[in-house]
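One structure is given below, encoded as structure tokens.
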Amino acid sequence: MISVRPDLLNFNPDRTLKPKMDFFRSSGFSIPDLIFVLSKNPCILASSLDNLIVPAYGFLKNILGTDEVIISTAKRAPWLLHKDLHKRMGSKIEFLQDHGVPDSIISAIIKYQPRCFLNVHLDRFTEALVKLMAMDFKPSSSLFYMAFGTLMRIGESLWEEKFELYISFGWSEDDILSVFKKKPQIMELSKDKMRRMMDFFLKETGLGLPVVVNCPHLLTYSLEKRIIPRWSVIRVLTSHGILNKDVNLPTICKLKEEKFLERYVMKYQEKVPQVLQAYQGKTVIGD
């Protein structure tokens, strides 16, 4: 903390630092919570208790409801505890409320995607809301806050770039919007990851575009850590006649790691030693 805010050494411990510590402790912060939050953002200790910290906490309490939720949110975004939240968030929250977004969804945006409110002009809120309404997103839907957060982060120009990238792989506009409604985060994939994913699915696995569109969860997994190891295992087991060629990769990728290992690796590793090598990336796909 001192390396970030060396001026903290000049503060009076009893008059300046202790009252802030006492306030957070009385609000339910444990010592480990405080260490975590303050080490991530020591500027909190340099902020006014009466003018910033207490009003910010009260603002969050009014929206998030409980100390426990505030603490978990602060651990994700410590800056919330020492900003003028009424100035930065007030008009934007009112805007969402006026357009039918329930408090539970607004709370979710603040809890999980608070930077949507940071240094973002109200016009961006309007653009994002209009776009989501045009796509028939329901403000009360849990997917709304995820989609809203995505639009706020990527902006209009990047949205268009990603749109064109998907189209270059043969997706239709309806395909893109359909998948976005199910998995908004697909529009936040890097261009490089998207290219590698689509090349792998279309050229290596032969899944076909309709399968990818209907199973958008595939795009949210790690290609190197999840999809390729599992596909390699399936190829080995198929080549030994243990599995048929119609094995469902989307379903297999959904399995939890322990379940996949139990069902497809441990079960066959004595009979087919290559299966463990394939899972560990020591067998080239196609061998």
Side-chain angles (χ1 to χ4, degrees), residues 59-60 62-65 69 72-73 76-77 79-80 83 85-191 193-194 197-198 209-221 250 254:
F59 186 92
L60 293 172
N62 186 52
I63 297 170
L64 301 180
V69 177
S72 64
T73 302
R76 284 188 289 270
W79 56 267
L80 287 170
K83 299 294 184 183
L85 299 186
H86 180 77
K87 179 179 180 180
R88 289 177 176 247
M89 294 184 172
S91 61
K92 296 164 187 174
I93 289 174
E94 290 178 5
F95 174 80
L96 294 176
Q97 291 172 329
D98 291 343
H99 287 80
V101 181
D103 290 342
S104 60
I105 298 300
I106 294 174
S107 176
I109 296 174
I110 293 174
K111 281 191 290 187
Y112 301 112
Q113 307 186 66
R115 290 197 176 276
C116 289
F117 292 90
L118 184 66
N119 297 329
V120 176
H121 197 276
L122 189 57
D123 288 347
R124 285 278 302 280
F125 267 60
T126 304
E127 293 171 3
L129 192 63
V130 168
K131 186 183 287 288
L132 293 180
M133 293 301 188
M135 296 180 200
D136 294 324
F137 272 93
K138 306 300 180 187
S140 59
S141 165
S142 60
L143 283 174
F144 177 89
Y145 87 84
M146 296 175 63
F148 185 82
T150 292
L151 293 183
M152 296 302 293
R153 282 190 293 274
I154 67 175
E156 187 63 28
S157 61
L158 193 52
W159 167 273
E160 294 297 336
E161 289 181 23
K162 296 293 180 69
F163 215 90
E164 291 302 319
L165 180 62
Y166 280 96
I167 288 177
S168 73
F169 283 105
W171 295 51
S172 68
E173 290 190 11
D174 286 342
D175 289 337
I176 300 170
L177 295 179
S178 173
V179 172
F180 178 71
K181 290 180 182 180
K182 299 174 186 175
K183 291 287 183 182
Q185 58 267 47
I186 67 153
M187 296 303 279
E188 296 190 71
L189 296 178
S190 70
K191 296 178 183 179
K193 179 176 180 178
M194 184 58 194
M197 295 283 273
M198 292 305 298
L209 185 57
V211 176
V212 178
V213 171
N214 289 325
C215 304
H217 63 275
L218 286 171
L219 299 173
T220 66
Y221 298 139
K254 268 188 175 182

Name all residues meeting the side-chain hydrogen bond (donor to acceptor under 3.5 Å, both in side chains) criterion together with [X]; count only those two or more places apart in sequence or in a different chain, and write none if there are none.
| X | value |
| --- | --- |
| T220 | none |
| E161 | K191 |
| N214 | none |

Can you see which heavy atom on [X] is nearest to which on [Y], and at what distance?
| X | Y | value |
| --- | --- | --- |
| M133 | P139 | CE-CG, 3.4 Å |
| F180 | I186 | N-CD1, 4.1 Å |
| L165 | F169 | O-CD1, 3.3 Å |
| A147 | L132 | CB-CD2, 3.7 Å |
| G170 | L209 | O-CD2, 3.2 Å |
| S91 | L122 | O-CD1, 4.4 Å |

Quiz item: Within a radius of less than 6.0 Å around NZ of K193, do more than 12 heavy atoms belonging to other residues, nucleotides or ligands occur?
Solution: yes

Could you list the donor-acceptor pairs under 3.5 angstrom formed by side chains in residues 97-107, with sequence neighbours left out?
from	atom 1	to	atom 2	distance (Å)
Q97	NE2	D103	OD1	3.1
H99	ND1	F95	O	2.8

Quiz item: Checking R76 side chain against K111 main chain: does a donor-acceptor pair fall under 3.5 Å?
Solution: yes

Would you indicate whether the side-chain heavy atoms of [Y] and [X] approach each other to under 4.5 Å?
| X | Y | value |
| --- | --- | --- |
| K131 | W159 | yes |
| K254 | Y221 | yes |
| V213 | P210 | no |
| F163 | L177 | yes |
| T73 | Y112 | no |
| H217 | K182 | no |

Drop me the distance from [X]'s [atom1] to [Y]'s [atom2], to the nearest 0.5 angstrom.
| X | Y | atom1 | atom2 | value |
| --- | --- | --- | --- | --- |
| T126 | K92 | OG1 | NZ | 11.0 Å |
| K181 | K138 | NZ | NZ | 9.0 Å |
| D136 | S141 | CG | OG | 12.0 Å |
| S178 | E173 | OG | CD | 13.0 Å |
| I110 | L60 | CD1 | CG | 7.0 Å |
| I93 | F125 | CD1 | CZ | 8.0 Å |

Practice problem: Quick one: sort the F144 and F148 rings into parallel, tilted or perpendicular, breaks at 30° and 60°. | Solution: parallel

Practice problem: Only counting residues at least two apart or in another chain, list the ones meeting side chain to side chain contact (heavy atoms under 4.5 Å, CB included) with K83. | Solution: W79, L85, R88

Show the atom names and distances, to 0.1 Å, of all donor-acceptor pairs under 3.5 Å that link a side chain in residues 149-158 to residues at least two apart or in another chain.
from	atom 1	to	atom 2	distance (Å)
T150	OG1	M146	O	3.1
T150	OG1	E188	OE2	2.9
R153	NE	E188	OE1	2.8
R153	NH1	Q113	OE1	2.5
R153	NH2	Q113	OE1	2.9
R153	NH2	E188	OE2	2.8

Quiz prompt | side-chain contact (heavy atoms from CB on, under 4.5 Å) assessment of K162 paired with I176 | solution = CA-CA 10 Å; K162 296 293 180 69; I176 300 170; over 6 Å; no

Self-check item: Evaluation steps, ring pair (Phe, Tyr, Trp, His ring centres under 6.0 Å), between F137 and Y145
Solution: CA-CA 10 Å; F137 272 93; Y145 87 84; over 10 Å; no

